[in-house]
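Only one structure is covered here, and it is reproduced in the block below.
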Amino acid sequence: MALIVQKYGGTSVANPERIKNVARRVARFRAQGHQVVVVVSAMSGETNKLIALAKEMQATPDPRELDAVVCTGEQVTTGLLAMGLKAIGVDAKSYTGAQVKVLTDSTFTKARILSIDEENIRRDLDAGKVVIVAGFQGVDADGNITTLGRGGSDTSGVALAAALKADECQIYTDVDGVYTTDPRVVPEAKKLDTITFEEMLEMASLGSKVLQIRSVEFAGKYKVKLRVLSSFQDEGEGTLITVEEDKNMEQPIISGIAFNRDEAKLTMLGVPDTPGIAYQILGAIADANIDVDMIIQNVGHDGTTDFSFTVNRGEFAKAQGILEGVKQKLGAREVTGDNKICKVSAVGVGMRSHPGVASKMFKALADEGINIQMISTSEIKISVVLDEKYLELAVRVLHRTFGLDQ
Ligand code: ADP
Ligand code: ASP
Ligand code: MG
């Protein structure tokens, strides 16, 4: 007998038929004698609908109240699944994050989980029930409802698995595992049987939304056995996230191509080239709670320099406004921006021992006439910023160049 945490994403619970399908899958695991904790997302599209509703009331919704609204999508699914299980003779009980007591900090809309109270869950499991927990949500120390950021149900699932020391955390979604790149963009993408935590962290942080990055961080930190599987297939082992040592020594140099459309670039031209410039520009951006990704400061000439960085596209206008203020203060020449860019990245731990990956990547893009606007590298990834119109082409070309479709 094992303790398994299963997380089902939005498309897997999109309508009553699919929720019944989830109930049947859970029932099969119960019948094999396993204890099952299920974490569910809202029905697909629901969270977007709730956010849109909130924006009709307030252009920039109050964060506490926004969380009070968006958390409701998950609550609906927990109750429906509990009913679906009872209807086929499986005892089950639904919980909101607050009822479990998934304690988080108070950063509304992107809260972090601090601890999880296991008591209720253990008691119900021992009584033979399936426990169903609403993903994506928690409660802070003052009793306010919080949410964990888009895609946050993955993190709820992994955090519960960690707290309960579950034997496995299974993330059920609409693809049958982690692929070499998004199979919706490159149909030739191949499913990976395993991927290392390090690579999965990079893929997630560089835009592969199949797992929320925090869920991967959690799984790595607490050694949760994490697997991605399809809720639409009965067969298949999915993709297991592993530690590097487990991997075959003969691993490919590049394991996957990740991409993110959600990017924007800002440039301050003609900034006086003096100490403290980066701090003055990026300090103002950080004070506004805007995350900065890539940063480039050009070599100065004639006492001035140009300074560029990228932000999340949703924060483009806000960042631009801040830079206009900084421009006045610094006496810089001009602020320019481009919110039609994307980032494409090649990821692989095998890169460490293979020089020349970057030049191969740059050549492949050049051969297609794709201009690279920014570059950033680490030990196991190379990212480039491109005009958004090249995204699909660049992903396909790189996927082929690194032999991932073979
Ligand atoms: P869920 O609602 O189940 O959480 P998501 O839409 O958040 O599902 O994540 C699954 C989607 O992630 C897939 O449908 C796929 O389009 C996308 N995706 C992006 N990159 C990858 C990848 N490398 N492997 C598999 N899926 C990926
Ligand atoms: N329902 C939330 C979202 O759409 C959380 C999740 O599905 O993981 O982002
Ligand atoms: Mg998701």
Side-chain angles (χ1 to χ4, degrees), residues 151 154-155 158 171 177-183 185-186 189-228 239-263 291-296 309-310 342-365 372-386 391 394-406:
D154 296 334
T155 303
V158 175
I171 305 285
V178 179
Y179 278 69
T180 47
T181 192
D182 189 338
V185 171
V186 182
K190 292 274 174 296
K191 184 180 84 70
L192 301 164
D193 291 334
T194 63
I195 182 169
T196 68
F197 274 107
E198 250 186 314
E199 288 169 326
M200 195 61 238
L201 265 182
E202 286 288 356
M203 293 280 281
S205 78
L206 296 169
S208 301
K209 67 166 186 165
V210 62
L211 286 175
Q212 196 200 35
I213 180 162
R214 281 186 190 170
S215 72
V216 188
E217 286 168 0
F218 243 102
K221 189 163 165 195
Y222 295 100
K223 309 262 178 300
V224 175
K225 188 172 174 196
L226 182 60
R227 195 185 287 278
V228 177
T239 301
L240 182 67
I241 323 296
T242 62
V243 287
E244 191 172 344
E245 295 81 70
D246 298 351
K247 260 201 134 180
N248 192 328
M249 296 298 284
E250 282 301 310
Q251 59 205 341
I253 300 170
I254 298 297
S255 300
I257 309 293
F259 58 85
N260 188 5
R261 289 173 211 276
D262 203 18
E263 304 259 338
D291 287 327
V292 169
D293 181 18
M294 280 195 213
I295 303 166
I296 290 185
F309 59 92
T310 61
C342 66
K343 182 169 69 178
V344 177
S345 312
V347 175
V349 290
M351 222 185 269
R352 284 199 185 110
S353 46
H354 287 82
V357 175
S359 58
K360 192 169 174 183
M361 179 164 173
F362 303 154
K363 177 169 190 308
L365 295 172
I372 300 172
Q373 302 184 11
M374 296 169 107
I375 300 168
S376 128
T377 64
S378 80
E379 251 197 319
I380 65 163
K381 72 117 203 278
I382 302 166
S383 299
V384 292
V385 166
L386 311 171
L391 188 139
V395 172
R396 264 186 278 122
V397 164
L398 294 178
H399 195 263
R400 197 179 335 113
T401 298
F402 289 110
L404 294 175
D405 35 13
Q406 267 138 47

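The structure displayed is predicted, hence computed values, not measured ones.
- With Lys381 as reference, Leu206 is the one residue of Val357, Val349, Leu206 to meet the side-chain contact (heavy atoms from CB on, under 4.5 Å) rule.
- Shortest non-hydrogen contact noted between Glu199 and Gly348 is OE2-CA, 3.5 Å.
- In this structure, Lys221 NZ and Phe197 CZ are separated by 13.5 Å, a value rounded to the nearest 0.5 Å.
- In plain terms, the two heavy atoms of Ile372 and Met374 that are nearest each other are CG2-O, 3.4 Å.
- Atom OG1 of residue Thr401 and atom CG of residue Leu365 lie 7.5 Å apart, to the nearest 0.5 angstrom.
- Note that the OG1 atom of Thr181 and the NE2 atom of His399 stand 6.0 Å from one another [nearest 0.5 Å].
- The backbone N or O of Met294 sits less than 3.5 Å from a side-chain atom of Thr310, completing a donor-acceptor pair.
- Between Ile241 and the choices Thr196, Ile171, Leu211, the side-chain contact (heavy atoms from CB on, under 4.5 Å) rule is met once, by Leu211.
- Judged purely by atom type and a 3.5 angstrom limit, Ser215 has no side-chain atom pairing as donor or acceptor with the backbone of Thr155.
- When all heavy atoms of Pro355 and Ser353 are compared, the closest pair comes out as CD-O, 3.8 Å.
- Contact annotation: the side chain of Lys190 never approaches that of Leu404 to less than 4.5 Å [non-hydrogen atoms, C-beta and beyond].
- Separation of atoms NZ (Lys209) and CE (Met203) is listed at 14.0 Å; rounding is to 0.5 Å.
- Side chain of Ser383 to main chain of Ser345: no donor-acceptor pair is present (N/O by atom type, distance under 3.5 Å, no hydrogens or angles).
- Take Asp182 and apply the side chain to side chain donor-acceptor pair (under 3.5 Å) test, not counting sequence neighbours, and it matches no residue.
- Interatomic distance, CG of Leu398 versus CE of Met361, reported as 5.0 Å (0.5 Å rounding).
- Although no hydrogens or angles enter the test, the distance criterion places no donor-acceptor pair under 3.5 Å between the side chain of Glu217 and the main chain of Leu201.
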Going through the distances and angles, do Phe362 and Ile382 end up as a side-chain contact (heavy atoms from CB on, under 4.5 Å)?
CA-CA 10 Å; Phe362 303 154; Ile382 302 166; 4.3 Å; yes
For side-chain contact (heavy atoms from CB on, under 4.5 Å), just list the numbers for Val186 and Asp405, CA-CA rounded to whole Å, side-chain angles, deciding distance to a tenth of an Å, and then say yes or no.
CA-CA 9 Å; Val186 182; Asp405 35 13; 5.7 Å; no
The test is side-chain contact (heavy atoms from CB on, under 4.5 Å); show your working for Ser378 and Glu202 and say whether it passes.
CA-CA 10 Å; Ser378 80; Glu202 286 288 356; 3.9 Å; yes
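- For Asp154 (side chain) and Gln212 (main-chain N/O), a donor-acceptor pair under 3.5 Å exists by modelled atom type.
- Heavy-atom minimum distance, Thr239 versus Gly177: OG1-CA, 3.4 Å.
- Rounding to the nearest 0.5 angstrom, the gap separating the OG1 atom in Thr180 from the CZ atom in Phe402 is 13.0 Å.
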Would you please test Cys342 and Leu386 for side-chain contact (heavy atoms from CB on, under 4.5 Å) and show each step?
CA-CA 5 Å; Cys342 66; Leu386 311 171; 4.1 Å; yes
